[in-house]
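Presented below is the structure to which this report refers.
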Amino acid sequence: LERSGALDEVREHKSALNEDYLRLVGTSAGLGYVKADSSARVASTMSDITTARHEPAKRDMRIVFGLAAALLVMLGWLRAGLRAEG
């Protein structure tokens with residue numbers, strides 16, 4: 001595309017942030033737009049109950065994470081036991 005000249009009239013860089021366009025796309029998709037200019041704003045937006053959307057998962061992955069955590073705890077105990085012996 002760059003060689004063809006199709007992008008000659010584009011005046012912004014490919015990685016430029018176009019807030020107006022993102023707001024428009026978000027609104028049309030039923031989403032909001034929040035500028036993440038501080039960690040406090042990000043944290044407050046993430047914890048805001050009005051923006052939360054909970055979807056049921058097709059699979060319950062808690063067992064996988066529970067087994068991984070138990071395995072890591074057992075490895076830690078085993079490693080500590082080997083250090084104590086040696």
Side-chain angles (χ1 to χ4, degrees):
L1 286 175
E2 291 180 14
R3 288 185 193 165
S4 69
L7 300 176
D8 287 346
E9 62 189 54
V10 176
R11 299 191 189 279
E12 61 188 22
H13 192 268
K14 293 176 187 175
S15 65
L17 174 67
N18 189 344
E19 289 186 57
D20 296 331
Y21 177 71
L22 289 176
R23 280 192 185 97
L24 176 68
V25 170
T27 303
S28 65
L31 304 171
Y33 177 83
V34 177
K35 188 173 182 178
D37 55 357
S38 69
S39 58
R41 184 177 296 207
V42 172
S44 67
T45 302
M46 294 295 289
S47 61
D48 187 9
I49 193 72
T50 59
T51 60
R53 188 172 82 187
H54 299 280
E55 299 288 333
K58 293 184 180 188
R59 304 271 191 269
D60 187 5
M61 297 299 293
R62 291 180 293 183
I63 189 72
V64 173
F65 294 118
L67 289 173
L71 178 66
L72 289 173
V73 168
M74 290 174 60
L75 285 175
W77 283 341
L78 181 64
R79 194 170 176 198
L82 290 176
R83 280 192 203 155
E85 290 178 4

**Asked** Residues two or more places apart in sequence or in another chain: which of them pass salt bridge (Lys or Arg N to Asp or Glu O under 4.0 Å) with E19?
**Response** R23, K35
**Prompt:** How long is the gap from CG on L72 to CZ on R79, to the nearest 0.5 Å?
**Reply:** 11.5 Å
**Complete:** Residues passing the salt bridge (Lys or Arg N to Asp or Glu O under 4.0 Å) test with R62, sequence neighbours excluded, are D60
**Asked** In terms of heavy-atom contacts, does CD1 of I63 have more than 12 from other residues, nucleotides or ligands at under 6.0 Å?
**Response** no
**Request:** Give, for atom CG of L71 and atom CG of L78, the distance between the pair rounded to the nearest 0.5 Å.
**Result:** 10.5 Å
**Item:** Single-linkage hydrophobic cluster, 4.5 Å side-chain cutoff, L67 and F65 together
**Value:** yes
